[in-house]
Each structure stands twice: as C-alpha cells, then as structure tokens.
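Structure, as structure tokens:
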Amino acid sequence: MTESCLGKIRSYYARFSDKEKKIANYILDNPDKIIHCTINEVAEDLNVADATVFRFCKRIGYKGYQALKIALASEIITPIQQIHEKISEHDSEKTISEKVFQSNIRTLENTLQIMDSDSIQKAVELLHSADRVEFYGTGGSALIAMDAFHKFIRTGIKAFAFLDSHFQLMSASQLTKNDVAVVISHSGTNKDTTNILNTAIESGAKTIGITSFPKSPISQNVDVALYTSSDETEYRSEALASRIAQLSLIDALYVNLMILNKERAKTAIEKIRSAISDTRI
C-alpha cells in the first residue's frame with residue numbers, strides 16, 4: 001500500500017523539529033496552494049531557507065520538492081472522495097450500504113498508512129507496565145472509551161472508564177505516576193476532554209492520545225499520540241467515520257496486551273466467563 005503524502009506528514013509529525021513542524025503545518029493547511037507554488041515561494045512564506053524545505057521533502061521520503069508536489073497533486077487533483085462516490089438520495093438501500101462500507105474500509109486503510117510503529121510500541125509498553133489504565137472520552141468518544149474498558153478488563157490489567165465527564169475528571173485527579181490515561185477525541189480540541197487530560201498530567205500519570213489532528217492540544221500534550229484518518233461525506237461527518245479507526249486502534253493495543261499478559265489474561269477471562277455464565281440461557 002502506497003502511503004499518501006499528507007499521510008506521511010501526519011505520521012512523522014510528532015518527530016519533526018520545530019522548523020519541520022512549521023513546514024508540515026503549512027502543507028497540511030494549504031495542500032491546494034502547495035501544488036501551484038515554487039519552493040522559493042513556500043520558503044519565503046515561511047521565512048525559512050529553500051534548503052530547509054528541500055530537506056523536509058527528503059525527510060518524508062521524496063527526492064525533492066518537485067516529487068512532493070507530484071505526490072500531493074495526485075491526492076488533490078484526483079480526489080480521494082471519488083473512491084467513495086457521493087451518496088445520493090436516489091441510491092438503493094444496498095448501494096448506500098455498499099458506499100458506507102467502502103467509506104469505512106478507506107478510513108481503516110488511511111489510518112493504517114499513518115500508523116507509526118514506534119508510537120504503537122511505546123503505547124503498548126506504557127499500558128503493559130501500568131498499575132491502572134483509565135479510558136477517557138466525551139460524547140461519541142465516551143462510547144469508544146467504554147468499549148476499550150470492555151476489552152481491557154480481560155487483559156488482567158485494572159481498567160476503568162466512566163460515561164459522565166465529571167466522574168472522569170474526579171477519577172483523573174486520583175491517578176498516580178504508575179497509571180496511564182488514554183484520552184480519545186477525534187478533534188483533539190474538546191474542552192472537557194482537554195481538562196481531563198490536564199488533570200491526569202497534573203496527577204503524574206502517563207498519557208496516550210487517540211485523535212485525528214496532530215496540531216490539536218491533546219496531540220501536543222500526551223506522552224504518546226496515535227492518529228486516525230477519515231473523510232467527511234454529505235451524510236456522515238469525519239468524526240463518525242473515525243470511530244471505526246479508533247475501535248481498531250484499541251483492538252490492536254488490546255491484542256498486543258493479551259499476548260504480553262498471556263497467563264494473567266487467561267485467569268481474568270476465566271473469572272469473567274464464570275461470573276457471567278448464569279446470565280445465559
């Protein structure tokens with residue numbers, strides 16, 4: 001699978017220097033403009049040397065600025081949205097369903113493209129060594145947090161999640177340096193979620209963020225940032241589409257933890273099965 005230009009930038013963002021982040025922000029904010037600009041114009045807009053822009057292009061795997069422009073143009077001029085053709089009110093139920101599935105598949109493909117192996121490894125290490133793991137999210141992200149709790153309680157690690165944001169805030173205040181807070185927010189800018197993250201940081205906890213925006217407050221303040229990628233359509237916001245990717249990222253972390261905690265996880269699952277066995281007919 002060929003990684004997109006914008007995908008590469010988002011993937012490498014956390015490891016960029018300040019100057020590189022400046023260039024990355026410019027490209028992410030102005031992809032249409034970039035394909036019509038020379039390297040001199042970009043450098044002048046950013047008040048950096050041409051060589052700095054050139055090195056940035058090399059840093060993310062291109063031979064130079066022209067190669068980056070060509071790659072970027074293929075994304076912009078041949079819109080990715082064509083892959084999921086627009087949903088029409090005249091479409092049949094089956095056609096609409098197929099387009100929704102294709103959109104979800106593309107969301108997973110895009111997220112896989114920007115997945116950073118170092119970040120995944122660091123996240124797994126933090127979770128594995130934690131005394132307690134808490135999952136936080138508000139609105140739709142609260143449901144993702146509850147799903148994460150439902151999975152992680154099977155790993156043998158002490159995992160918790162609350163739907164109410166006030167409960168989340170109170171719980172975050174009780175974390176310690178041996179705990180991990182996993183904060184989920186598509187935009188990374190939700191005020192309640194940001195307050196919860198800040199409280200967890202003040203408590204000394206390690207932090208993992210799952211979001212779609214590298215420049216967001218949550219991305220910039222967590223110890224490890226994991227990114228999802230999704231596209232908006234007329235009948236479905238990118239925030240809704242990103243849930244599929246968020247769930248898949250959490251699944252990936254969960255399976256990694258199950259492998260590392262084989263014996264403890266086996267004991268936890270047996271206890272859970274025993275406890276809920278009477279609920280089945």
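Start at 1 with the first residue, then count along the sequence. Just so it is clear, the values below take in all heavy atoms, side chains as well, and ignore hydrogens, waters and symmetry mates.
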Main-chain N/O of Val224 paired to Ser119 side chain as donor or acceptor, under 3.5 Å: no
Heavy-atom closest contact (Ile218 atom, Gly209 atom, distance): CG2-CA, 4.4 Å
Distance-minimising heavy-atom pair for Ala24 and Ile9: CB-CG2, 3.6 Å
Donor-acceptor pair, side chain of Glu20 and main chain of Ser17, under 3.5 angstrom: yes
Flag if over 12 foreign heavy atoms under 6.0 Å of CD, Glu125: yes
Val180 to Leu126 - nearest heavy-atom pair and separation: CG2-O, 3.5 Å
Crowding at NZ, Lys122 (>12 non-hydrogen neighbours, <6.0 Å): no
Backbone N/O of Ile157 and side chain of Thr155: donor-acceptor pair under 3.5 Å: yes
From Ile196 atom CD1 to Thr138 atom OG1, the distance as rounded to the nearest 0.5 Å: 6.5 Å
Test ring-ring contact (aromatic ring centres under 6.0 Å, His included) applied to Phe16 - qualifying residues, sequence neighbours left out: Phe56
From Lys271 atom NZ to Arg154 atom CZ, the distance as rounded to the nearest 0.5 Å: 15.0 Å
Partners passing salt bridge (charged side-chain N to carboxylate O under 4.0 Å, His left out) against Asp45 (at least two apart in sequence or in another chain): Lys33
Distance, nearest 0.5 Å, that separates CG of Asn104 from CD1 of Ile244: 4.5 Å
Sub-4.5 Å side-chain heavy-atom contact between Ser219 and Tyr13: no
Val48 backbone acceptor or donor facing Thr52 side chain under 3.5 Å: no
4.5 Å side-chain heavy-atom contact, Asp223 and Ile208: no
Check: Ser171 side chain, Phe167 main-chain N or O, donor-acceptor pair, under 3.5 Å: no
Close side-chain approach of Lys21 to Gln220, heavy-atom, < 4.5 Å: yes
CG on Leu247 to CD1 on Ile144, rounded to 0.5 Å: 4.0 Å
Same cluster (ILVMFWY, side-chain, under 4.5 Å), Leu127 and Ile250: yes
Note, Leu175 side chain near Glu134 side chain (heavy atom, < 4.5 Å): yes
Side chain to side chain donor-acceptor pair (under 3.5 Å) between Ser212 and Thr228, intermediate numbers included: CA-CA 5 Å; Ser212 295; Thr228 59; 2.7 Å; yes
Closest approach of Phe162 to Gln168 (non-hydrogen atoms, all atoms of both residues): O-NE2, 2.9 Å
Same cluster (ILVMFWY, side-chain, under 4.5 Å), Tyr62 and Leu28: yes
CG (Asp118) with more than 12 external heavy atoms under 6.0 Å: yes
Residue pairs passing the ring-ring contact (aromatic ring centres under 6.0 Å, His included) test where at least one lies in residues 98-150, sequence neighbours excluded: Phe135-Phe152
Minimum-distance pair of heavy atoms, taken over all atoms of Phe54 and Ile39: N-CD1, 3.9 Å
Donor-acceptor contact present, side-chain Asn221 to main-chain Pro217, <3.5 Å: yes
4.5 Å side-chain heavy-atom contact, His36 and Lys69: no
Asp50 and Tyr65 side chains, donor-acceptor separation under 3.5 Å: no
Heavy-atom side-chain proximity of Met258 to Ile269 below 4.5 angstrom: yes
Ile35 with Tyr26, same ILVMFWY side-chain cluster at under 4.5 Å: yes
Neighbour count above 12 (heavy atom, 6.0 Å) for Glu93 CD: no
Lys63 side, atom NZ; Lys58 side, atom NZ - distance, nearest 0.5 Å: 9.0 Å
Charged N-O contact under 4.0 Å between Asp131 and Lys158: no
Exam field: side chain Ser203 to backbone Ala172, donor-acceptor pair closer than 3.5 Å: yes
Shared hydrophobic cluster, Val53 / Leu6 (ILVMFWY, side-chain heavy atoms < 4.5 Å): yes
Shortest non-hydrogen contact from Ala161 toward Ala145: CB-O, 3.7 Å
Under-4.0 Å salt bridge between Lys206 and Asp179: no
Pair Arg132-Asn178, side chain to side chain contact (heavy atoms under 4.5 Å, CB included): steps then yes or no: CA-CA 7 Å; Arg132 175 186 181 99; Asn178 299 318; over 6 Å; no
Contact check, side chains of Thr193 and Ser141, non-hydrogen atoms, under 4.5 Å: no
Validation row: Val133, Phe160 side chains within 4.5 angstrom (heavy atoms): no
Short side-chain to backbone donor-acceptor contact, Lys22 and Leu46, under 3.5 Å: yes
Whether Thr207 side chain and Ala181 backbone form a donor-acceptor pair below 3.5 Å: no
Thr211 side chain vs Ser185 backbone, donor-acceptor pair below 3.5 Å: yes
Cluster check Ile259, Leu249: I/L/V/M/F/W/Y, side chain < 4.5 angstrom: yes
Spatial distance of atom NZ (Lys19) from atom CD1 (Ile23) [nearest 0.5 Å]: 8.5 Å
